[in-house]
S.K.: 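A single structure is presented below for examination.
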Amino acid sequence: MNRQRLEEVANAMVVPGKGILAMDESNPTCKRRFDSIGVEANEESRRAYRELLITAEGSGEYLSGYILFDETIRQATRDGQPFPEIIASAGGIPGIKVDKGTLDLPGHSGEKFTQGLDGLGERLNEYREMGAGFAKWRAVITIDDGIPSTACIEANMRALAMYASICQDADIVPIVEPEVLIDGNHNIATCDAVTRTTIRSLYRALAEQDVFIEGTILKPSMVVSGKSCPTQAGVDEVAERTIACLKNSVPAANPGVVFLSGGQTVVQSTVHLNAMNAMGVNLPWRLSFSYGRALQEPALKAWAGAAENAALAQGALALRARLNGAATLGEYKPEMEAAA
Ligand code: 13P
């Protein structure tokens, strides 16, 4: 394990003013996204769309890294330049999703377990040769009547810790992603409690596994009201609770926290991140973004599967990247939305 390299890459991922673009949708998830714009998902349409994302002018200066899917890291631009090379030549870091999705957790109805540890070391060595500097693994925690169970949290956090350890042995920075799903009618206090329990369990598991925390990045969900909760917490409460939750559960050795957007709207994701960074609280880690939907949605809609819309779509991505870049500094203003 090259600790110095891991620490350097982790710090570069959360450099002030920049965040990460999650563009690692599995083929079924990508199909759902493409269905929403009436575009057929196949290898070429996925390639064309992802080429547009990684070559979007004006976004690279706000994006430190790009999370790719296995198919995507092997793809190239129309004129044959491999995607990881394009990203690296623009100063970005290619990353790779390595979990293999979720299974129903045996004996625990309504809960999931993330798989993908088999053969992980070999896969990581190949990805590193292809230029990957970091990896991602997403665990899913569902809130509903009587869940999450301790069994679900512990099993998923242990798998995350094992993944993180295998990544570091391959000199790849692990993004550890415990997502507490936004779905449900639970209130923000419940989300807060579940998120704390989950993140504490994660860091216990990472410590037991002797993971080098300085060479990891945390990707959590924000503390928000459940999507169908009749009372929706406002921006200040989301920001204050999320910061308090993280301060109580994330060690200072962790270099950065990059939030997922997790079903928040495009603008909410930016506003919440900005509010946290504008609070003026002295935090031991950087607070940034690793959004999928919140960065891509406007671009996906603008593209609509037509090559002639590429520039429009790239402009839409560049705008979200710039505004979220500003939110990492607490410098986002709603007027900036009008620059579209
Ligand atoms: P969303 O921002 O769309 O939640 O995606 C981020 C991600 O990478 C989930 O694993």
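Counting convention: from 1, in listed order, for ligands and their atoms alike.
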S.K.: Please compare Lys97, Glu177, Glu179, Arg33 and report which has the shortest non-hydrogen distance to atom 9 (C) of ligand 1.
M.R.: Glu177

S.K.: Hydrophobic clusters join Ile, Leu, Val, Met, Phe, Trp and Tyr when side-chain heavy atoms are under 4.5 Å apart, directly or via other members; which others share one with Phe113?
M.R.: Leu105

S.K.: If you measure only the distance, is there a donor-acceptor pair under 3.5 Å linking the side chains of Ser59 and Gln314?
M.R.: no

S.K.: In terms of residue, atom name and distance, what is the protein heavy atom nearest to atom 6 (C) of ligand 1?
M.R.: Lys219 NZ, 3.4 Å

S.K.: Which ligand 1 atoms are under 4.0 Å away from a heavy-atom of Tyr291?
M.R.: 2 (O)

S.K.: Is it the case that ligand 1 has an N or O less than 3.5 angstrom from some N or O of Ala22?
M.R.: no

S.K.: Can a non-hydrogen atom of Gly262 be found less than 4.0 Å from any atom of ligand 1?
M.R.: yes

S.K.: Under 4.0 Å from a heavy atom of Ser290: give me the atoms of ligand 1 that qualify, with their elements.
M.R.: 6 (C)

S.K.: Note the single closest protein heavy atom to atom 2 (O) of ligand 1, along with its residue, its atom name and the distance in Å.
M.R.: Ser261 OG, 2.4 Å

S.K.: I'd like to know if Arg5 pairs up with Glu8 as an ion pair, taking the criterion as any Lys NZ or Arg NE/NH1/NH2 lying under 4.0 Å from an Asp or Glu carboxylate oxygen.
M.R.: no

S.K.: Going by an N to O cut-off under 4.0 Å, is there a salt bridge joining Arg204 and Glu154?
M.R.: yes

S.K.: Per the ring pair (Phe, Tyr, Trp, His ring centres under 6.0 Å) rule, what does the pair list look like for residues 37-75, sequence neighbours excluded?
M.R.: Phe34-Tyr49, Tyr49-Trp303

S.K.: Only heavy atoms of Arg138, strictly under 4.0 Å: list the atoms of ligand 1 that pass.
M.R.: 9 (C), 10 (O)

